[in-house]
*Asks:* 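The structure's right below; bear with me while I get my questions together.
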Amino acid sequence: MIVRTTAEITGTDRDVAAENWRSKRIILGGDGVGFSFHETTIQPNTVHEFHYQNHVEAVWLVEGEGTLTDLTNNVTYDLAPGTMYLLNGHERHRIETRTLMRMLCVFNPPVTGKEVHDENGVYPLVAAGE
């Protein structure tokens, strides 16, 4: 059994931040459960492009408002608390925030915590033992 709080991982190597976003990686590949689980916050009035070509990501928005644009077909969706989206086709996508957004994210395969978005917004595929 694993029991963790976001308070205990704050300020550790599981607490990853860049300009305008922060990801608290609660469960990582090294935990050996086949997925990773994160709490991510994105600052208001910002735009971010991502492309998880090596991972499937499920996102549950618990706070905030904005839009999600699927850049493979240019369809835009409104995001508000209670919205879930699943990037099961590895879609390149853009998030535009109106307010601070807080979301819970699941990645498969799990991230290890060492990944950094490359110039295309992609996380490399890193094995849990690396």
Side-chain angles (χ1 to χ4, degrees):
M1 178 182 298
I2 298 171
V3 177
R4 263 186 206 118
T5 68
T6 52
E8 74 184 72
I9 66 171
T10 299
T12 72
D13 60 352
R14 289 177 177 262
D15 185 6
V16 178
E19 185 176 359
N20 296 316
W21 64 265
R22 182 178 193 176
S23 179
K24 294 185 179 184
R25 280 94 186 261
I26 301 160
I27 301 294
L28 289 170
D31 292 315
V33 297
F35 64 91
S36 58
F37 181 71
H38 315 190
E39 177 191 56
T40 299
T41 54
I42 304 177
Q43 294 300 308
N45 302 309
T46 59
V47 178
H48 307 268
E49 289 193 11
F50 302 105
H51 181 207
Y52 298 119
Q53 66 186 25
N54 300 308
H55 300 85
V56 171
E57 182 191 25
V59 177
W60 180 262
L61 185 66
V62 295
E63 178 182 337
E65 296 181 348
T67 59
L68 164 71
T69 302
D70 179 344
L71 297 176
T72 64
N73 60 21
N74 218 27
V75 174
T76 298
Y77 304 89
D78 288 325
L79 298 177
T83 304
M84 188 283 302
Y85 62 89
L86 178 67
L87 301 166
N88 59 324
H90 307 284
E91 295 86 355
R92 183 178 303 277
H93 59 288
R94 179 175 50 242
I95 301 291
E96 297 181 55
T97 64
R98 288 192 290 275
T99 63
L100 177 78
M101 291 175 60
R102 186 170 65 91
M103 51 200 70
L104 303 176
C105 311
V106 175
F107 281 83
N108 185 20
V111 301
T112 66
K114 297 177 183 174
E115 295 85 356
V116 177
H117 289 105
D118 69 13
E119 66 278 359
N120 297 309
V122 174
Y123 278 154
L125 189 58
V126 177
E130 294 180 33

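Since this is a predicted model, take the numbers as computed values, not measurements. The chain is numbered in sequence order, starting from 1.
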*Asks:* Give the other cluster members for Leu100, using side-chain heavy-atom distances under 4.5 Å between Ile, Leu, Val, Met, Phe, Trp and Tyr residues; answer none if it is isolated.
*Replies:* none
*Asks:* Hey, what do you get for CZ (Phe107) to CG (Leu87), rounding to the nearest 0.5 Å?
*Replies:* 8.5 Å
*Asks:* Under the 3.5 angstrom rule, does the side chain of Ser23 hit a backbone N or O of Arg25 as a donor-acceptor pair?
*Replies:* no
*Asks:* Can you tell me how far CG of Asn20 sits from OG1 of Thr97, rounded to the nearest 0.5 angstrom?
*Replies:* 8.0 Å
*Asks:* Which of these, Glu91, His93, Arg92, sits in a side chain to side chain contact (heavy atoms under 4.5 Å, CB included) with Phe50?
*Replies:* His93
*Asks:* From Thr12 OG1 over to Arg4 CZ, what is the distance, rounded to the nearest 0.5 angstrom?
*Replies:* 9.0 Å
*Asks:* Would a single hydrophobic cluster contain both Tyr77 and Met101, if residues Ile, Leu, Val, Met, Phe, Trp and Tyr are joined by side-chain heavy-atom contacts under 4.5 Å?
*Replies:* yes
*Asks:* Taking all atoms of both residues into account, what is the closest heavy-atom pair of Ile42 and Thr46, and its distance?
*Replies:* CG2-OG1, 3.5 Å
*Asks:* Cluster question for you: counting only ILVMFWY and a side-chain heavy-atom cut-off of under 4.5 Å, with indirect links fine, are Val75 and Val47 together?
*Replies:* no
*Asks:* So, does Thr99 use its side chain to make a donor-acceptor pair with the main chain of Glu65 at under 3.5 Å?
*Replies:* yes
*Asks:* Just do the side-chain contact (heavy atoms from CB on, under 4.5 Å) check on Thr67 and Asp78 with the steps written out, would you?
*Replies:* CA-CA 5 Å; Thr67 59; Asp78 288 325; 3.8 Å; yes
*Asks:* Got a second to check how far His38's NE2 is from Arg22's CZ, nearest 0.5 Å?
*Replies:* 14.5 Å
*Asks:* Measuring from Ile95:CD1 to Tyr85:OH, what's the distance to the nearest 0.5 Å?
*Replies:* 3.5 Å
*Asks:* Taking the hydrophobic residues Ile, Leu, Val, Met, Phe, Trp and Tyr, and joining any pair whose side-chain heavy atoms are under 4.5 Å apart, which ones share a cluster with Ile27?
*Replies:* Ile2, Ile9, Ile26, Val33, Phe35, Phe37, Val56, Trp60, Val62, Met84, Leu86, Leu104, Val106
*Asks:* What is the distance from atom OG1 of Thr76 to atom CG of Leu71, rounded to the nearest 0.5 Å?
*Replies:* 8.5 Å
*Asks:* Applying the side-chain hydrogen bond (donor to acceptor under 3.5 Å, both in side chains) criterion to Thr72, which one of Asn74, Thr69, Asp70 satisfies it?
*Replies:* Asp70
*Asks:* So does His90 get a backbone contact from the side chain of His51, meaning a donor-acceptor N/O pair under 3.5 Å?
*Replies:* yes
*Asks:* Describe, in one word, how the ring planes of Tyr52 and His55 are oriented to each other, choosing from parallel (under 30°), tilted (30 to 60°) and perpendicular (over 60°).
*Replies:* perpendicular
*Asks:* Nearest heavy-atom pair of Arg94 and Glu49: which atoms, and what distance?
*Replies:* NH1-OE2, 3.3 Å
*Asks:* Which heavy atom of Pro110 sits nearest a heavy atom of Ser36, and at what distance?
*Replies:* CB-N, 3.5 Å
*Asks:* Among Thr41, Thr10, Asp15, Thr40, exactly one meets side-chain hydrogen bond (donor to acceptor under 3.5 Å, both in side chains) together with Lys24. Which residue is that?
*Replies:* Thr10
